[in-house]
Amino acid sequence: MASSLSQTVFSILLLLSLHQACAEMTHLHFYFHEILSGPNATVLTVVNPSNSTSLTFGTIVVVDDMLLEGLDDNSKLIGRAQGLVGAVGKDGSLETLHNFVFTEGKYNGSTISIYGRVELGVTIERPVVGGTGMFRMTTGYTLAKPVVVSATKLVYEFDVYLWHIWK
């Protein structure tokens, strides 16, 4: 039993070291635009336990936000951020699950999956837990800094750091 366990541990460590040795690091920079209301809203509340318009505890929303090259609304669309947001903390914290779907350029057709906790109004760090296409078997993290916060719109500046094996 001990021999089998040590062989398994050795195999896992070997695979991890090979992944690290073969991995390429990619840094992505773009802007995440979320429209909170109006005819072009990119957010839809699907569960609202309090009948409120705000994100109160228990609220669940779906999003289909824009990933743009720049801060300006007319910047080039490079992808979509599609996923779920849940108000999970009575302190106002959110839990997010997003797939960033790239639709332009070198990464067209590739995705990254991001999961984690969000506190509004501060720089947010979340892990990248996977990906597809050019980002298959990826790991990494994101830093999202709020640059526009209003009653109708949120814009975050994103820096994404990925380690992946496809070039």
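The structure presented is a predicted model; accordingly, all values stated were derived computationally and were not measured.
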Got a second to check how far [X]'s [atom1] is from [Y]'s [atom2], nearest 0.5 Å?
X    : Y   : atom1 : atom2 : value
K106 : L28 : NZ    : CG    : 9.5 Å
D65  : H33 : CG    : NE2   : 10.0 Å
E104 : L67 : CD    : CG    : 12.0 Å
K153 : E34 : NZ    : CD    : 11.0 Å

Within one Ile-Leu-Val-Met-Phe-Trp-Tyr cluster: [X] and [Y], side-chain cutoff 4.5 Å:
X    : Y    : result
V118 : V148 : no
L143 : M25  : yes
V149 : V85  : yes

With a 4.5 Å heavy-atom cut-off, do [X] and [Y] have their side chains touching?
X    : Y    : answer
T96  : R126 : yes
H164 : E24  : yes
V128 : T138 : yes

Shortest non-hydrogen contact between [X] and [Y], atoms and distance:
X    : Y    : result
Y115 : L97  : CD1-CD1, 4.0 Å
I124 : E119 : CG1-O, 4.0 Å
A151 : L36  : O-CD1, 3.7 Å
T152 : S37  : CG2-OG, 3.7 Å
T123 : P146 : N-CD, 4.1 Å

Mind listing the side-chain donor-acceptor pairs of residues 154-162 below 3.5 Å, one per line with the distance, residues two or more places apart or on another chain?
| from | atom 1 | to | atom 2 | distance (Å) |
| --- | --- | --- | --- | --- |
| E157 | OE2 | H29 | NE2 | 2.7 |
| E157 | OE2 | Y31 | OH | 3.4 |
| D159 | OD1 | H27 | NE2 | 2.7 |

Determine, step by step, whether I35 and M66 satisfy the side chain to side chain contact (heavy atoms under 4.5 Å, CB included) criterion, reporting the C-alpha distance in whole Å, the side-chain angles of both residues, the deciding distance to 0.1 Å, and the verdict.
CA-CA 9 Å; I35 302 170; M66 297 167 289; 3.7 Å; yes

Residues T103, N108; criterion side-chain hydrogen bond (donor to acceptor under 3.5 Å, both in side chains); working and verdict:
CA-CA 4 Å; T103 57; N108 183 21; 5.5 Å; no

Taking only residues two or more places apart in sequence, or in another chain, which ones meet D91 in a side-chain contact (heavy atoms from CB on, under 4.5 Å)?
S93, R117

Taking S110 for the side chain and M134 for the main chain, is one N or O donor matched with an acceptor at less than 3.5 Å?
yes

Quick one: does S75's side chain have a donor or acceptor within less than 3.5 Å of a partner on L68's backbone?
no

Any chance you could pull the hydrophobic cluster mates of I60, using side-chain heavy atoms under 4.5 angstrom and chaining through other members?
L44, V46, V47, V62, L84

Is the closest side-chain donor-acceptor distance between T132 and T111 under 3.5 Å?
yes

Ignoring hydrogens and angles, state whether a donor on the side chain of T42 or D64 is under 3.5 Å from an acceptor on the partner side chain.
no

If we check side-chain contact (heavy atoms from CB on, under 4.5 Å) with F100, which of these qualifies: F135, F32, Y107?
F32

